[in-house]
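This report concerns only the one structure given below.
For clarity, every value in this text was computed on a predicted model and none was experimentally measured. Quick note on labels: first sequence line is chain A, next is B, and so on, each numbered from 1.
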Amino acid sequence: MTEEVRVRYAPSPTGFLHIGNARTAIFNYLFARHAGGKFIIRIEDTDLKRNVEGGEESQLKYLKWLGLEWDESVDVGGEYGPYRQMERLDIYKKYWQELLDKGLAYKCYCTEEELKAERETQMANKQAPHYSGKCRHLTKEQIAQYEAEGRKPTIRFRIPDDQKIEFDDIVKGHVSFNSSDVSDFVIVKQNGVPTYNFAVVVDDHLMKMTHVLRGEEHISNTPKQIMLFHAFGWEPPVFGHMTLIVNEQHKKLSKRDNSIVQFIEQYKNMGFLPEALFNFITLLGWSPKGEEEIFSREDFIKLFDAERLSKSPAMFDKSKLEWMNGQYINQLPADEYVKFTIPYLVDAKLLPAQMSPEQLKWAERVVLLYQEQLHYGAEIVQVSDMFFNKSIVNDDLTKDEEKILSGEQVNDVISSFTDELKSLTEWTAEAIAPKIKVVQKETKQRGWKLYMPIRVVATGSQHGPELPEALELLGRDLVLNRLDHYLDVQKTV
RNA sequence: AGGGCGUUGGGCAAGUGGUUAAGCCAAUGGAUUCUCAUUCCAUGAUCACGGGUUCAAUUCCCGUACGCCUUACCA
């Protein structure tokens, strides 16, 4: 009988969900679902100083938003709980005591200052920073002395000498380390809380994890963890170290990096769709077989194969994300699209929160003009600018626009069009369109020379959506005011 | 400094001991359109460098360079 696949995403609540976290979570989720196994979320909150209020809730919230679901965790329970490490201290204690009893770990009385000084000297001498092993063989007297001084010990794991530590990594292949490359590391801090490297091993074993998929920054922790597994006589899980996500400077995405927006919440607020983000993130460091780029969650579950995880770093390409999100926006049904975009205009105070049915209808039509080209929700504000700028004169013309208005035919076109519009009884795109044709006949102007002057004078810009509909939505008064004003100015010149 | 890992067009990225070295994004040019957008077409790589193994190497091996990660009482 084959063992059920069990994998976990183990965030520390030191911040909000960012792209790197999300990717780790997604890959573990896909790995589990593809194999019909279990996906567990465990909270690694052993760094008391760095835990932030609300970090845990926020992470779970946005994971859910992205479309992930988990089988065991702090919120849904499970038979291997508790799923928060600070609630498992008693469990850890039993295991580190075992190590102490067997002589596989020892107490270290060095102070942080001493260790820091040691490290700095080593660095200054261009040596690898390594704990010296000073407290490896303390005598009873020395210990008594330190205790009398009131020093509180940490517990360090005794690294075996010159041992080859090897493992087959799902993505990196065969990796090997020598135990002497790693120094006796701390497994329990002075405050009695275990360190990451210790707690993970105990938890991964007790929670029966079969695979560990995590970021490449953990690869050097792996030999430490494997040695701990061995010390306990446990079977280590299968490891897979995913490449880092790097920024445009090819540096690992760090939470403080401002060159890139990296929190999922921010993307949500900017108007990125969860499906698009899920799709995009999954293609960061992983690729499926074919040529497709757009996949649903179900597609990914079916296709996911950890063997296809890339070995080289994935660069976060913002423009591709925008393109992809645009694809998803474009596929939105009209009513959903409208509900999705209008709030951005309300937030920008371009629309009131409470709208009359006519106003809402108008807003919906405006917004719909841009569905095809919109990359993200908030972009609607810039892109639909011409419908919210009510000024009669545009005194901020671009060079091209000035050139358009300097044409000889412009006055004829504008005055003819103005007359035609004034005769209109009904102000709709359907009624306006034929009038442009009339002007064409009257002035013998067509194409660019016909449309552009009208566009620039009436809408204030050479760019924009289909002219008749734009004019309808701009409204009769505004359009006629602009045209009249233009003609007035021409007369006085 | 030690250890680990990586290097395919501007970005992502597939792929193979013998191929016209996929595809996507971006850029540029062109076609369509009143413009933007859309759509369509086109353009681009001595597969980091040097050496080896081989009839044959982008693919295998070694070295160099460059880059990144790591060496915490952070995870």
For atom [atom1] of [X] and atom [atom2] of [N], their distance in whole Å:
X: A:Tyr196; N: B:C74; atom1: OH; atom2: P; value: 14 Å
X: A:Leu369; N: B:U38; atom1: CG; atom2: C1'; value: 13 Å
X: A:Ile436; N: B:U35; atom1: CD1; atom2: C1'; value: 13 Å
X: A:Phe295; N: B:C24; atom1: CZ; atom2: P; value: 13 Å
X: A:Tyr9; N: B:A75; atom1: OH; atom2: C1'; value: 11 Å
X: A:His130; N: B:U71; atom1: NE2; atom2: C1'; value: 7 Å
X: A:Phe316; N: B:G11; atom1: CZ; atom2: C1'; value: 13 Å

- Message: Does the protein touch nucleotides 42-48 of chain B at the base, only the backbone, or not at all? Give it as B, S and - per nucleotide, heavy atoms under 4.0 Å.
- Response: -------
Sugar-phosphate only, base, or nothing, as touched by [X] at under 4.0 Å among non-hydrogen atoms:
X: A:His218; answer: base
X: A:Ser312; answer: sugar-phosphate
X: A:Cys108; answer: nothing
X: A:Glu466; answer: base
X: A:Leu450; answer: nothing
X: A:Leu115; answer: base

- Message: Go nucleotide by nucleotide along RNA chain B from the 5' end; which of A:Gln373 and A:Gly447 gets its closest nucleotide reached first?
- Response: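 On the 5' side of the pair lies A:Gly447.
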- Query: Between A:Val175 and A:Leu283, which has a closest nucleotide on RNA chain B that is more 5'?
  - Reply: A:Val175
Does [N] have OP1 or OP2 under 4.0 Å away from a side-chain N or O of [X]?
X: A:Lys189; N: B:A75; value: yes
X: A:Trp448; N: B:C34; value: no
X: A:Arg119; N: B:U71; value: no
X: A:Lys172; N: B:C5; value: no
X: A:Arg308; N: B:G15; value: yes
X: A:Ser287; N: B:A14; value: yes
X: A:Thr14; N: B:C74; value: no

- Salt-bridge test for A:Lys289 and A:Asp305: reply yes if a basic N is under 4.0 Å from a carboxylate O, no otherwise. no
Mind checking who [N] pairs with, Watson-Crick or G-U wobble, both distances under 3.5 Å?
N: B:G17; answer: none
N: B:G44; answer: none
N: B:G63; answer: B:C49
N: B:U70; answer: B:G2
N: B:A37; answer: none
N: B:U54; answer: none

Testing the 3.5 Å rule here: is there a donor-acceptor pair between the side chains of [X] and [Y]?
X: A:Tyr267; Y: A:Asn325; answer: no
X: A:Asp299; Y: A:Ser296; answer: yes
X: A:Asp45; Y: A:Gln85; answer: no

- Message: Suppose we call a contact any N or O donor and acceptor under 3.5 Å apart; does that hold for the side chain of A:Asn221 and the base of B:A75?
- Response: yes
- Query: Between the side-chain atoms of A:Gln462 and the base atoms of B:C34, is any donor-acceptor pair under 3.5 Å?
  - Reply: no
Side chain of [X] only, please: which of [options] is the nearest?
X: A:Lys49; options: B:C74, B:G23, B:G4; result: B:C74
X: A:Trp323; options: B:C24, B:U38, B:U70; result: B:C24
X: A:Pro313; options: B:C73, B:C24, B:G6; result: B:G6

- Item | Minimum heavy-atom distance between A:Ile41 and A:Tyr83, given as atom pair plus value | O-CB, 3.9 Å
Contacts under 3.5 Å, N or O only, protein and nucleotides 62-64 of chain B:
none

Whole-Å [atom1] distance, [N] and [M]:
N: B:G10; M: B:A56; atom1: C1'; result: 33 Å
N: B:A42; M: B:C25; atom1: P; result: 14 Å
N: B:U70; M: B:G63; atom1: C1'; result: 24 Å
N: B:C66; M: B:A72; atom1: C1'; result: 28 Å
N: B:G29; M: B:U71; atom1: P; result: 49 Å
N: B:A26; M: B:C41; atom1: P; result: 15 Å
N: B:C36; M: B:A45; atom1: C1'; result: 33 Å

- Message: By the side chain to side chain donor-acceptor pair (under 3.5 Å) test, which pairs, at least two apart or in different chains, include something from residues 368-383 of chain A?
- Response: A:His375-A:Glu379
